[in-house]
Amino acid sequence: MTHPRLSLTLAAARNLHLAAQGLDRRPRRRARKADVLAAIRRMGALQIDTIHVVARSPYLVLWSRLGDYEPAWLDEHLAEGALFEYWAHEACFLPIEHYALFRHRMLDPSGMGWKYHVEWLEQHRAEVERVLDRIREHGPVRAADFERNDGKAGGWWEWKTEKRALETLFTAGELMIARRHNFQRVYDLRERVHPTWDDALLPPRDEALRALALEAVRALGIAPARWVADYFRMSKRETPAIVRSLAEAGALLPVSVEGWSEPWYLHPAHRELAERAAAGAIRPTLTTLLSPFDPVVWDRARALALFGFDYRLECYTPAPKRKYGYFVLPILRRGALVGRLDAKAHRAAGVFEVKALYLEPGVRLSDALVRDIASAIRECAAWHGTPEVVIRRAEPIAAAALIERAVA
């Protein structure tokens with residue numbers, strides 16, 4: 001039976017996207033360990049970043065969806081083999097059942113850019129083999145287990161040889177991350193970390209690409225073809241054609257979105273959800289803070305098109321040139337991105353400092369808005385173990401006193 005093409009307003013498409021991401025409402029019960037894995041499967045990928053002025057990004061992304069939960073559950077899922085790490089939308093935690101979809105990148109890593117350099121590998125083959133031999137003979141290692149003697153430190157080009165060897169072998173799929181210790185990667189042989197994998201199970205490359213495109217559309221809820229490639233960092237040239245071919249085969253459903261001449265695409269798993277969105281039956285109630293590396297905002301063009309939210313991460317921008325702050329968290333309120341705040345968790349002092357809070361132009365300051373934002377800040381601060389909230393500055397200025405009273 002052929003269904004007529006759905007037609008959605010942009011607001012309905014936005015609500016569908018948030019519902020697919022698990023950001024339309026807070027779960028009714030307190031989170032359990034299994035909910036962490038379910039949330040990652042729902043998103044398809046959980047991006048990793050090490051900045052920790054507040055909780056490190058992967059833990060914060062989960063908090064945005066689950067509320068109060070135990071961060072150690074994420075580490076346990078990795079150590080137990082339910083997750084693996086690899087390059088998807090940058091470095092990510094991924095469901096182990098999707099390992100086959102990324103194995104092609106490991107077997108042909110030459111296209112992985114700075115993450116893998118054939119020339120460097122050839123020049124340092126002996127050192128790389130020594131690292132592998134050590135792991136074979138003595139078990140898992142961290143980069144910190146190798147001393148450096150050249151006095152250098154810094155990014156990729158200044159990594160000690162053993163660290164770069166570990167990362168090169170990781171990108172090539174010879175090593176996997178067995179677990180994390182104080183958030184440091186612990187590397188081990190792939191056959192020890194994922195002993196059930198056999199390359200005879202590898203699907204053809206075109207089949208894997210189609211599966212990744214399907215997974216991206218499912219995770220996004222709804223998307224035009226040109227947004228799909230970014231989710232798992234697929235080819236921007238190849239992927240739109242893959243999406244269109246999936247639609248022609250009936251594996252994706254084309255949808256009309258108000259104000260857009262190009263079709264958007266829907267995964268069949270979300271057909272009922274899309275019908276509810278079109279009928280106005282999805283009304284987000286969640287107010288929360290988002291990580292800069294949350295899937296909802298990591299694609300700047302998508303965040304601007306869906307939410308009218310112009311967002312740029314400024315931690316890599318020199319301080320004098322920053323507009324909002326070092327690690328600014330978008331504020332999601334009831335289906336809209338209404339502001340952003342620059343926060344720092346002072347764990348030893350028990351203080352959650354809001355250095356600055358900015359409401360978006362056109363957002364009306366109201367008692368309900370203040371209550372929602374204050375509640376989200378209080379919940380985030382409590383989860384960090386920093387229950388005292390201090391608001392340094394807010395724009396508009398009238399918001400500062402109101403929110404500070406509300407969080408007290």
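Computed over heavy atoms, backbone and side chain alike; hydrogens, waters and symmetry mates excluded.
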Q: Treating S64 as the side-chain partner and L60 as the backbone partner, does any N or O pair qualify as donor plus acceptor under 3.5 Å?
A: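 Present.
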Q: With salt bridge (charged side-chain N to carboxylate O under 4.0 Å, His left out) as the criterion, how do D68 and R30 come out once you've worked through the C-alpha distance, each side chain's angles and the decisive distance to 0.1 Å?
A: CA-CA 7 Å; D68 188 24; R30 185 163 182 170; 2.6 Å; yes
Q: Can you tell me how far apart CG (L83) and CG (L46) are? Round to the nearest 0.5 Å.
A: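 That separation rounds to 8.0 Å.
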Q: Going by ring pair (Phe, Tyr, Trp, His ring centres under 6.0 Å), name the pairs with one or both residues in residues 318-343, residues two or more places apart or in two chains.
A: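 Applying ring pair (Phe, Tyr, Trp, His ring centres under 6.0 Å) to every pair that reaches into residues 318-343, excluding sequence neighbours, yields Y324-Y358.
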Q: Taking M234's backbone N and O only, do any of them form a donor-acceptor pair with T239's side chain (distance below 3.5 Å, no angle check)?
A: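 Flag not set: sc T239 to bb M234 has no pair under 3.5 Å.
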Q: Could you check whether any side-chain heavy atom of L18 comes within less than 4.5 Å of a side-chain heavy atom of I282, counting everything from C-beta outward?
A: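 No, their side chains stay 4.5 Å or more apart.
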Q: Flag the pair R334 and D372 as a salt bridge only when some basic side-chain nitrogen lies within less than 4.0 angstrom of an acidic carboxylate oxygen.
A: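 D372 and R334: salt-bridged.
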Q: In Å, rounded to the nearest 0.5 Å, how long is the span from NE2 of H267 to CG of L246?
A: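 Rounded to the nearest 0.5 Å, the NE2-CG separation comes out at 9.0 Å.
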Q: Less than 6.0 angstrom from the centroid, inside 45 degrees of the normal: does R185 satisfy that with respect to the ring of F170?
A: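 So R185 does make the cation-pi contact.
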Q: How would you list, by chain and number, every residue that makes a side-chain hydrogen bond (donor to acceptor under 3.5 Å, both in side chains) with E262, sequence neighbours excluded?
A: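 Listed in chain order: R226.
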Q: Is any side-chain N of the basic residue among R392 and E353 closer than 4.0 Å to the acidic one's carboxylate O?
A: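 Looking at E353 together with R392, the answer is yes, because their closest N to O distance falls below 4.0 Å.
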Q: Would you say the side chain of L121 lies within less than 4.5 Å of the side chain of Y116, judging by non-hydrogen atoms?
A: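 Yes, their side chains come closer than 4.5 Å.
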Q: By ring pair (Phe, Tyr, Trp, His ring centres under 6.0 Å), which residues pair with H384, not counting sequence neighbours?
A: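 With neighbours one apart ignored, the set is F352.
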Q: Mind running side chain to side chain contact (heavy atoms under 4.5 Å, CB included) on K321 and E314 for me, showing each step along the way?
A: CA-CA 9 Å; K321 296 184 178 181; E314 296 182 315; over 6 Å; no
Q: I'd like to know whether W87 forms a side chain to side chain donor-acceptor pair (under 3.5 Å) with T171, so could you lay out the CA-CA distance, the side-chain angles of the two residues, the decisive distance to 0.1 Å, and finally the verdict.
A: CA-CA 8 Å; W87 302 108; T171 298; 3.0 Å; yes
Q: Could you tell me whether R103 sits above the aromatic face of Y86, with NZ or CZ closer than 6.0 angstrom to the six-membered ring centre and within 45 degrees of the axis?
A: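 Negative - R103 is either too far from the ring of Y86 or too far off its axis.
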Q: How would you list, by chain and number, every residue that makes a ring pair (Phe, Tyr, Trp, His ring centres under 6.0 Å) with F232, sequence neighbours excluded?
A: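 Checked F232 against ring pair (Phe, Tyr, Trp, His ring centres under 6.0 Å); matches are F102.
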Q: Which residue pairs satisfy the ring pair (Phe, Tyr, Trp, His ring centres under 6.0 Å) criterion with at least one member in residues 274-303, sequence neighbours excluded?
A: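 Residue pairs with at least one partner in residues 274-303: H89-W298, Y231-W298.
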Q: For D230, is there an ion pair with K236 - N to carboxylate O distance below 4.0 angstrom?
A: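 Looking at K236 and D230, the cut-off is not met.
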Q: Taking the side chain as everything from C-beta on, heavy atoms only, tell me whether E238 gets closer than 4.5 Å to L209.
A: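 A side-chain contact under 4.5 Å exists here.
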Q: Is the shortest side-chain N to carboxylate O distance from R29 to D35 below 4.0 Å?
A: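 Yes.
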Q: Under the criterion side chain to side chain donor-acceptor pair (under 3.5 Å), I'd like the reasoning laid out for S256 against S7: C-alpha separation, chi angles, the key distance, then a yes or no.
A: CA-CA 5 Å; S256 298; S7 181; 5.2 Å; no
Q: Whether R180 engages the ring of F183 as a cation-pi pair (distance to the six-membered ring centre under 6.0 angstrom, angle to the ring normal within 45°) should be assessed.
A: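 Flagged: R180 positioned over aromatic ring of F183.
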Q: Nearest 0.5 Å please: distance from the CZ atom of R340 over to the CG atom of L289.
A: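 Rounded to the nearest 0.5 Å, the CZ-CG separation comes out at 13.5 Å.
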Q: Under the side chain to side chain donor-acceptor pair (under 3.5 Å) rule, what do S366 and R371 come out as? Steps first, then yes or no, please.
A: CA-CA 9 Å; S366 67; R371 282 196 303 270; over 6 Å; no
Q: Before accepting this row, confirm whether a basic side-chain N of the pair R142/D145 lies closer than 4.0 Å to the acidic partner's carboxylate O.
A: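 Looking at D145 together with R142, the answer is yes, because their closest N to O distance falls below 4.0 Å.
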Q: Taking the side chain as every heavy atom from C-beta outward, state whether L101 and L94 have any atom pair closer than 4.5 Å.
A: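 No, their side chains stay 4.5 Å or more apart.
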Q: Is there a side-chain contact between W197 and L202 (heavy atoms, below 4.5 Å)?
A: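 Sidechains of L202 and W197: in contact.
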Q: Is the backbone N or O of V54 less than 3.5 Å from a side-chain atom of R347, with the two atoms forming a donor-acceptor pair by type?
A: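 Looks like yes, one N/O pair under 3.5 Å.
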Q: Would you say the side chain of L329 lies within less than 4.5 Å of the side chain of L290, judging by non-hydrogen atoms?
A: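 No, every pair of side-chain atoms sits at 4.5 Å or beyond.
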Q: Applying side-chain contact (heavy atoms from CB on, under 4.5 Å) between L369 and each of T287, I331, L359, report the one that passes.
A: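 Looking at T287, I331, L359, the match for L369 under the side-chain contact (heavy atoms from CB on, under 4.5 Å) is L359.
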Q: Between V186 and V141, is any pair of side-chain heavy atoms under 4.5 Å apart?
A: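 Not touching, per the 4.5 Å side-chain cut-off.
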Q: Apply salt bridge (charged side-chain N to carboxylate O under 4.0 Å, His left out) to residues E129 and R134 and explain how you reach the verdict.
A: CA-CA 9 Å; E129 287 300 324; R134 173 167 170 175; over 6 Å; no
Q: When you measure from the side chain of R302 to the backbone of P295, do you find a donor-acceptor pair of N or O atoms at a distance under 3.5 Å?
A: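 Such a contact is found between R302 side chain and P295 backbone.
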Q: Answer yes or no: is there a donor N or O on one side and an acceptor on the other, between the side chain of D49 and the main chain of I51, under 3.5 Å?
A: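 Yes; at least one donor-acceptor contact below 3.5 Å.
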Q: Under a 4.0 Å N-O cut-off, is there an ion pair linking E127 with R164?
A: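 No, no charged N to carboxylate O under 4.0 Å.
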Q: Can you check side chain to side chain contact (heavy atoms under 4.5 Å, CB included) on V296 and Q21, steps first, answer last?
A: CA-CA 8 Å; V296 169; Q21 282 281 322; 4.2 Å; yes
Q: Taking only residues two or more places apart in sequence, or in another chain, which ones meet H77 in a ring pair (Phe, Tyr, Trp, His ring centres under 6.0 Å)?
A: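 Per chain and number, H77 pairs via ring pair (Phe, Tyr, Trp, His ring centres under 6.0 Å) with no residue.
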Q: When you measure from the side chain of R192 to the backbone N and O of R136, does any donor-acceptor pair fall under 3.5 Å?
A: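 Answer holds: yes.
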Q: Does E360 come within less than 4.0 Å of R333, counting only side-chain N to carboxylate O?
A: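 Looking at R333 together with E360, the answer is no, because their closest N to O distance does not fall below 4.0 Å.
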Q: Between E97 and R41, does any NZ, NE, NH1 or NH2 come within less than 4.0 Å of an OD or OE carboxylate oxygen?
A: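 Looking at R41 and E97, the cut-off is met.
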Q: Give the intermediate values and the outcome of side chain to side chain donor-acceptor pair (under 3.5 Å) for residues Y187 and E167.
A: CA-CA 9 Å; Y187 303 80; E167 286 295 301; 2.3 Å; yes
Q: For L37 and A82, which heavy atoms make the closest approach, and how far apart are they?
A: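 The answer is CD2-CB, 3.9 Å.
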Q: Checking R393 side chain against L357 main chain: does a donor-acceptor pair fall under 3.5 Å?
A: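 Checked: no pair found.
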Q: Answer with yes or no after comparing the ring centroid distance for Y69 and W63 against a 6.0 Å cut-off, counting only values under it.
A: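 For Y69 and W63, the ring centres are not under 6.0 Å apart.
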Q: Quick one: does any side-chain atom of H124 pair with a main-chain N or O of W120 as donor and acceptor, under 3.5 Å?
A: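 Such a contact is found between H124 side chain and W120 backbone.
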Q: Determine whether L62 and M43 make a side-chain contact, defined as any pair of heavy atoms from C-beta on separated by less than 4.5 Å.
A: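 Yes, at least one pair of side-chain atoms sits under 4.5 Å.
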Q: For A143, does its backbone N or O pair with a side-chain atom of K160 as donor and acceptor, under 3.5 Å?
A: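 Confirmed, K160 side chain pairs with A143 backbone.
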Q: Is a side-chain donor or acceptor of R283 paired with a backbone partner of G280 at a separation under 3.5 angstrom?
A: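 Yes.
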Q: Please step through side chain to side chain contact (heavy atoms under 4.5 Å, CB included) for the pair T288 and L23, ending with a clear verdict.
A: CA-CA 9 Å; T288 193; L23 282 169; 4.2 Å; yes
Q: Run the side chain to side chain contact (heavy atoms under 4.5 Å, CB included) check on L6 and E275 step by step: do they pass?
A: CA-CA 7 Å; L6 272 174; E275 290 172 349; 4.2 Å; yes
